[in-house]
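Remember, it's a predicted structure, so these values are computed and weren't measured experimentally. Computed over heavy atoms, backbone and side chain alike; hydrogens, waters and symmetry mates excluded. The chains referred to below are lettered A, B, ... by the order of the sequence lines, with proteins before strands, and numbering in each begins at 1.
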2 protein chains.
Amino acid sequence: MRIGLDMMGGDFAPQEAVNGVKLFLATAEANAHLVLIGDEQAVAPLLSAAQIDPSAYTIIHASEVIGMHEHPTKALKEKQQSSIAIGFHLLKNGKIDAFISAGNTGAMMVGTFYSIKAIDGVQRPTISTPLPKEDGSYGVLLDVGINADCKPENLVQFAILGSLYAKHILQREDPKVALLNIGEEPGKGNLLAQATYPLLKEHPQLNFVGNVEGRDLFHTQADVVVCEGFTGNVVLKLAESFHDIAVKRNIKDDYFKRFDFESYGGTPVLGVSHPVIIGHGISKGEAFKNMIILSQQMIESKLMDRIKESFANGK
Amino acid sequence: MRIGLDMMGGDFAPQEAVNGVKLFLATAEANAHLVLIGDEQAVAPLLSAAQIDPSAYTIIHASEVIGMHEHPTKALKEKQQSSIAIGFHLLKNGKIDAFISAGNTGAMMVGTFYSIKAIDGVQRPTISTPLPKEDGSYGVLLDVGINADCKPENLVQFAILGSLYAKHILQREDPKVALLNIGEEPGKGNLLAQATYPLLKEHPQLNFVGNVEGRDLFHTQADVVVCEGFTGNVVLKLAESFHDIAVKRNIKDDYFKRFDFESYGGTPVLGVSHPVIIGHGISKGEAFKNMIILSQQMIESKLMDRIKESFANGK
């Protein structure tokens, strides 16, 4: 398998992307050829300096970079030689099996939606965040920001996508799905939650366990929690801020540490035809490593095929 | 002034309510006669045992109690002699100037909306939560749960109510108001946030500072943050859960401590004609004390009159 990595994306590129490549190749599970996309003159010396085995990667030169604050659609259109544009071109044409970037998030979204396609039957691809559980495991919360207004059917699809992710990537047998809500009882919540509850409950592909509240997100009653992207994004950023506060206040705690983006890297876009992983701008080596591992897991587990089958059957 | 307190409400009533009365009366600012509503036979001996000055309170006997899990409307209707029903009766008839209970939240809501009235012009009364800021001050987030579906106009009203609360209770001059959103730029967010932004910006009574994200809630850029009650409730409960986790993990930190409900007690219902404070079921003495102090501040600052004036002018 070939995994494409944007070497120019993120606040600490390309050095931290190189560090991530090195860390990945040192892991026992490393099983991919890496296609490193970026300014060859900047990247090649760093790879050499890091003494990375040249047979493990191929460099694809990209003469342009899309800046973190550029307008996504405009930049993607005008900068055809940017690392992100080239990455999606390679992905679309089967030259790579997954694409990772910690660069301009908007450009990654636009590239995902316009270069590759949503899987048949998926109305709204989605992004998620890991939920670190108190017992050491992880759950997944989705959507966390690209679908700010949702219909009940969208939340049901997020539940299916999240379940497949939990099963094939997080290794959960029959993942428990919950609806994020403001009360435990059925019938609670806003109009969206009230309308979504029965759809989740009746869905044959889902192991629906009911509502969970804000206080339950890190407990183990659910592996997959669904909500619209507005609430999900607020939750994600609030959880990040608690981690930041803990760091600032010099609180050293293993559990709070797990809210650090370094520990997982980025979010896959679920519901599209190929693995795309969007990294946090502040990604460092460990985050890049984890994103490459996650891509590899998504390819090895044939997650995209599982999603295709599920949505084909669900029609 | 006379402040009514439900002695039977909450998981640790009536003993912790008695403790709260004692703590309140020991504070330098205590300036209210307390009307203690509950089972006289249960309450009187505890007050005596606590050696509380009998001239500081009057007991109003209530022969019934509404349980924490009873159906609110049904219980209020059938239990006319319950402490909550009597409390609202006294408040409606001017026998007390504020009413506090840590009992059945739903019954407190129903009592508030049906016994006393919304202030003219207020479409939706609201509840809030304090936001502990990193600099030691407090802001306020609203709505946090009674208005799960909102229109833009509702959020504007929450902003006005929150501003007046911040000004008169939190002593903020010209409180800064922000919209909770999923991006900083104008135009970001779901349909509700997009439609609300210009209304907040143009409102002559508001010092609107723009959008804030989930990560900004505990920073100082805004004193008042508005959102619909679904997101607000999820935020509140998530923040509570971080506190719980910190306690469970034996993290001792002054900042995280401020997410403890003990430090503030309960939430006032804003936008109704008299001060009503709804306490957390797990309230202990310190929380009861703080709720009594807050009632006294709401009365002394004439907050309800300020709200009436504001909504009369705003028409």
Side-chain angles (χ1 to χ4, degrees), chain A residues 69 105-106 131-134 141 143-150 180-185 188-194 212-219 225 227-246 248-259, chain B residues 69 105-106 131-134 141 143-150 180-185 188-194 212-219 225 227-246 248-259:
Chain A
H69 299 289
T105 304
L131 291 173
K133 302 285 182 179
E134 289 182 276
L141 172 74
D143 181 267
V144 295
I146 58 175
N147 297 287
D149 287 290
C150 287
L180 183 58
N181 209 330
I182 60 173
E184 288 177 8
E185 304 85 357
K188 288 275 180 182
N190 55 12
L191 296 173
L192 175 65
Q194 289 173 25
V212 293
E213 299 184 82
R215 68 166 65 92
D216 305 316
L217 285 170
F218 309 114
H219 299 160
V225 180
C227 61
E228 29 66 39
F230 188 89
T231 304
N233 185 270
V234 170
V235 165
L236 168 60
K237 288 175 180 165
L238 183 60
E240 280 181 51
S241 83
F242 274 98
H243 175 261
D244 292 347
I245 291 169
K248 239 192 264 179
R249 300 188 63 82
N250 205 22
I251 294 170
K252 296 196 193 308
D253 182 83
D254 288 343
Y255 181 66
F256 276 102
K257 234 184 246 170
R258 292 168 61 218
F259 289 93
Chain B
H69 298 290
T105 304
L131 292 172
K133 302 285 180 176
E134 288 182 275
L141 173 74
D143 181 270
V144 295
I146 58 174
N147 297 288
D149 288 290
C150 287
L180 184 59
N181 209 330
I182 60 173
E184 288 177 8
E185 304 83 0
K188 287 275 179 180
N190 56 11
L191 296 173
L192 176 64
Q194 289 173 26
V212 293
E213 299 184 83
R215 66 166 65 94
D216 306 315
L217 286 171
F218 308 115
H219 299 161
V225 180
C227 62
E228 29 66 37
F230 188 89
T231 304
N233 186 270
V234 170
V235 165
L236 168 60
K237 287 173 180 166
L238 183 60
E240 280 181 51
S241 83
F242 275 98
H243 176 261
D244 293 347
I245 291 168
K248 239 192 263 178
R249 299 187 64 82
N250 205 24
I251 293 170
K252 296 195 195 309
D253 181 83
D254 288 342
Y255 181 66
F256 277 102
K257 233 184 244 170
R258 292 169 61 217
F259 289 93

inquiry  = In this structure, is the centre-to-centre distance between the rings of Phe242(B) and Phe218(A) below 6.0 Å?
reply    = yes

query = Heavy-atom distance under 4.5 Å to chain A: side chain of Asp216(B), backbone, both or neither?
reply = neither

request  = State the CD1-CZ distance between Ile182(A) and Phe230(B), to the nearest 0.5 angstrom.
outcome  = 6.5 Å

Nearest atoms (heavy-atom pairs only) where Gly214(B) meets Ser241(A) = O-OG, 4.2 Å

message = Between Leu217(B), Asn147(B), Val235(B), who has the most heavy-atom pairs with chain A when the cutoff is under 4.5 Å?
response = Val235(B)

inquiry  = Quick check on the interface: out of Ile245(B), Leu192(B), Asn250(B), who has the most heavy-atom pairs with chain A under 4.5 Å?
reply    = Ile245(B)

inquiry  = For Lys188(A), which atoms come within 4.5 Å of any heavy atom of chain B: side chain, backbone, both, or neither?
reply    = neither

inquiry  = Quick check on Ala239(B) against chain A: is it the side chain, the backbone, both or neither that has a heavy atom closer than 4.5 Å?
reply    = both

query = Considering only heavy atoms, which portion of Asp254(B) lies under 4.5 Å from any heavy atom of chain A: side chain, backbone, both, or neither?
reply = both

message = By the definition side chain to side chain contact (heavy atoms under 4.5 Å, CB included), identify the one residue from Asn190(B), Asn233(B), Thr231(B) that meets it with Thr231(A).
response = Thr231(B)

key: Crowding at CD, Glu134(A) (>12 non-hydrogen neighbours, <6.0 Å)   = yes

Asp149(A) side-chain N/O to Leu191(B) backbone N/O, donor-acceptor pair under 3.5 Å = yes

query = Atom CD of Glu240(B) and atom CZ of Arg215(A): how far apart are they, to the nearest 0.5 Å?
reply = 5.5 Å

